[in-house]
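A short worksheet on the structure shown next.
Below, each value reflects all heavy atoms present in this structure, side chains not excepted, and no hydrogens, waters or symmetry copies.
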Amino acid sequence: MEEFTSALRRLKAFNRMVAHHPELSARLVGGEHDFLQWRQASLFSAFREYHLRPVEALRVAETEAKITPGLAAAGLVACALTAWAAAFRKADVMVFSVDKISSKGGRDFRLEGLYRFLETEGLAYVEIFHARLGRAFFRHAWARKRSAVYHEAFDFAAMIRFRHRGDAEARRIASALPCEEFDEADRPFVRALAEKMLRGIVVSRFRIRWYRRVIARLRPKAILSIDDTRHYHEACAAARSLGIPFHAFQHGHFTKYHVGWFSAEAGGSDGMRPDTLHVWSPYWKKELLRLGTNFKEGEIRIGGDPKGDMKSSEAKPYIPPPVDGPIELLVPFETEAPRDEIVRDLKKLADSGKVKIWLKTRPDWDVRVQMRLYGLEGADPARAEAVADAASVLDRIHAVLGVYTSYLYDVLAMRKPVFVLKTSMDGLDGMVLNGLADGFDASAPDAAKRLADACREAAPKLAERAAKYLEGSGDLMTTLEGLGLGGSKERRR
């Protein structure tokens with residue numbers, strides 16, 4: 001979609017502006033911490049929001065966050081839970097995660113394999129959560145019934161500590177920025193964003209100091225983290241200063257729009273990122289290096305999937321769709337896909353009478369909403385149905401079609417033809433470029449026939465594609481044992 005390409009273009013221009021402006025560069029990238037690199041993902045999101053809603057984005061960039069009664073209540077609880085965890089919990093390991101509950105024990109399913117290892121080994125752990133301080137935060141904290149360290153506890157404390165503190169120097173630097181690579185209409189937003197980054201430096205250093213105190217009190221052997229490039233940097237810097245290893249684990253695929261994993265190329269300091277980034281397989285290490293990661297080659301390790309072991313490449317023989325029969329097409333629901341284009345293309349396929357669409361739904365969205373957003377609500381079951389567990393229909397599926405989801409990579413192990421739908425979003429162009437999937441233009445004539453033909457053409461390549469993607473995949477348990485984390489069963493929570 002246009003907002004992605006626009007955000008990437010503006011982000012690169014912003015990075016160049018920082019690199020070539022002496023005062024801005026000195027503050028953001030010239031010291032011990034490369035604050036510009038740390039904020040790449042957040043800057044990309046801000047520029048994307050600006051493309052979609054420029055007036056609202058400018059207002060947010062120019063406005064200081066206010067302490068509302070709801071925020072105050074959540075902030076105080078987050079501080080209390082953090083203080084309790086630091087004072088009374090014990091930790092062989094700390095786990096940096098996102099405040100989501102999608103598996104048993106109040107955990108994020110994307111780290112389920114990691115949690116299983118810790119529990120099997122009897123290792124005591126304390127979590128660090130990035131959370132949104134709202135109703136979900138209260139629900140999740142109550143459901144877990146255990147204390148944890150909350151990233152936003154430090155943010156809330158910083159809001160109180162620096163509430164009345166202005167930064168005239170930040171305003172002076174930002175207001176004088178020439179912004180030569182930006183259109184005149186965009187310059188107020190760029191200057192507001194630069195000022196916000198400059199003002200955020202003191203908050204970032206505040207977080208580091210408090211992370212250091214908490215981590216020093218708990219003194220874990222290591223910190224294991226989801227690769228959250230928006231929020232883990234201060235925890236990482238604190239751990240590094242204490243000599244505690246910080247290991248990040250890949251949780252999803254990488255595209256050119258996942259800018260937090262790629263170098264800002266502004267000449268900042270080389271450190272203060274995780275000691276290692278453990279990726280699923282050699283394919284992803286090569287892809288990161290191809291895209292221009294800020295990690296050194298030796299820091300990227302093949303470590304397995306933190307959800308658990310990757311699926312075996314063994315699968316039933318693929319049977320292409322019959323010449324005169326329906327094509328059973330699995331389509332995963334994607335929250336940020338260009339829906340108008342998807343609705344148009346899925347309608348065309350379903351209306352052909354030759355394609356049955358199975359919409360793989362998400363557990364965190366209402367099924368009816370997902371069907372409606374994809375234009376499939378009320379459709380004849382012969383043309384479209386929702387399915388929560390794709391495994392239940394996978395044997396009958398002839399192809400999988402999507403736009404940007406990492407699920408398209410997951411099904412390679414099942415030896416199904418994978419097609420990247422041609423839309424205004426090009427996030428999975430790397431998957432096509434690397435020969436793991438084919439592009440498909442549903443807007444062209446005879447879409448159903450071309451889809452059937454493409455399935456037959458892909459059939460001889462499926463085993464090779466699975467091997468290319470899965471070959472050399474890491475084993476999570478072996479990786480964690482190799483980090484020296486096994487065998488400590490005497491210390492329990």
Side-chain angles (χ1 to χ4, degrees), residues 7 10-50 53-68 71-72 75 79 133 151-213 230-231 233-234 237-238 241 264-269 272:
R10 286 177 168 134
L11 174 64
K12 290 182 176 180
F14 188 92
N15 291 345
R16 288 191 293 269
M17 180 182 71
V18 172
H20 295 120
H21 191 279
E23 287 186 288
L24 203 56
S25 177
R27 284 199 173 200
L28 293 179
V29 304
E32 181 183 8
H33 307 307
D34 187 345
F35 297 106
L36 179 65
Q37 181 66 53
W38 290 8
R39 301 293 172 252
Q40 287 294 283
S42 298
L43 285 168
F44 179 84
S45 295
F47 280 122
R48 184 176 168 227
E49 183 66 19
Y50 176 73
R53 289 170 283 274
V55 175
E56 176 65 16
L58 177 60
R59 185 191 65 79
V60 170
E62 291 180 333
T63 305
E64 288 285 343
K66 295 181 179 179
I67 301 179
T68 64
L71 177 60
C79 288
L133 296 184
H151 181 86
E152 282 66 28
F154 308 136
D155 283 355
F156 179 70
M159 288 179 71
I160 297 173
R161 171 69 175 80
F162 304 112
R163 182 171 45 171
H164 299 300
R165 176 174 174 172
D167 192 337
E169 189 70 2
R171 176 153 294 185
R172 180 191 66 79
I173 294 171
S175 62
L177 290 174
C179 305
E180 294 170 346
E181 289 195 56
F182 295 91
D183 294 338
E184 187 69 35
D186 298 338
R187 291 175 185 178
F189 177 72
V190 174
R191 291 178 180 127
L193 207 56
E195 182 182 345
K196 194 169 189 175
M197 280 201 69
L198 290 168
R199 286 190 280 106
I201 291 173
V202 67
V203 176
S204 195
R205 288 178 173 150
F206 181 86
R207 289 192 198 115
I208 293 171
R209 289 196 299 273
W210 277 99
Y211 265 125
R212 181 181 168 87
R213 290 171 183 172
R230 289 176 184 267
H231 301 105
H233 292 102
E234 287 91 355
S241 71
E265 299 181 342
S269 60
M272 300 310 172

Nearest 0.5 Å, what's the [atom1]-[atom2] distance between [X] and [Y]?
X    : Y    : atom1 : atom2 : result
F14  : R39  : CZ    : CZ    : 12.0 Å
L11  : Q40  : CG    : CD    : 4.5 Å
R207 : E152 : CZ    : CD    : 8.0 Å
W210 : R213 : CH2   : CZ    : 4.5 Å
L193 : E62  : CG    : CD    : 11.0 Å
M17  : E180 : CE    : CD    : 10.5 Å

>> If the condition is ring-ring contact (aromatic ring centres under 6.0 Å, His included), which residues does H233 pass it with, not counting sequence neighbours?
In response: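 With sequence neighbours excluded, H233 shows a ring-ring contact (aromatic ring centres under 6.0 Å, His included) to W38, given in chain and number order.
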On a heavy-atom basis, which atom in [X] and which in [Y] lie closest, and how many Å separate them?
X    : Y    : answer
A13  : E181 : CB-OE1, 3.8 Å
A237 : H33  : CB-CE1, 4.1 Å
D167 : L198 : OD2-O, 4.3 Å
H231 : E234 : O-OE1, 3.9 Å
T63  : R59  : OG1-O, 2.5 Å
A41  : R230 : CB-CG, 3.6 Å

> With a cut-off of 6.0 Å (strictly less than), are more than 12 heavy atoms of other residues, nucleotides or ligands near CZ of R16?
Replying inline: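 More than 12 heavy atoms, drawn from other residues, nucleotides or ligands, come within 6.0 Å of this atom.
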> Hey, mind stepping through L24 and L36 against side chain to side chain contact (heavy atoms under 4.5 Å, CB included) and telling me if it holds?
Replying inline: CA-CA 10 Å; L24 203 56; L36 179 65; over 6 Å; no
> Restricting to pairs with a member in residues 17-30, which pass side chain to side chain donor-acceptor pair (under 3.5 Å), not counting sequence neighbours?
Replying inline: E23-R172
>> Under a 3.5 Å distance rule, please check whether S204 uses its side chain to pair with a backbone N or O of G200 as donor and acceptor.
In response: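 A pair under 3.5 Å: no.
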Please tabulate, one pair per line, all N/O donor-acceptor pairs under 3.5 Å involving side-chain atoms of residues 182-189, not counting sequence neighbours.
| from | atom 1 | to | atom 2 | distance (Å) |
| --- | --- | --- | --- | --- |
| E184 | OE1 | R187 | NH1 | 3.0 |
| D186 | OD1 | Y50 | OH | 2.8 |
| D186 | OD2 | R10 | NH2 | 3.1 |
| R187 | NE | C179 | O | 3.1 |
| R187 | NE | F182 | O | 3.0 |
| R187 | NH2 | F182 | O | 3.2 |

>> I'd like to check V29 versus Q37 (side-chain heavy atoms, cut-off strictly below 4.5 Å). Are they in contact?
In response: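 No, too far: nothing below the 4.5 Å cut-off.
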>> Using side-chain heavy atoms (C-beta onward) and a distance below 4.5 Å, is R205 in contact with F35?
In response: yes
> Are M197 and V18 close enough, and set up right, to give a side chain to side chain contact (heavy atoms under 4.5 Å, CB included), and what steps lead you there?
Replying inline: CA-CA 11 Å; M197 280 201 69; V18 172; over 6 Å; no
> Taking 4.0 angstrom as the limit, do E49 and R53 come out as a salt bridge?
Replying inline: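 Salt bridge flag = yes for R53 with E49.
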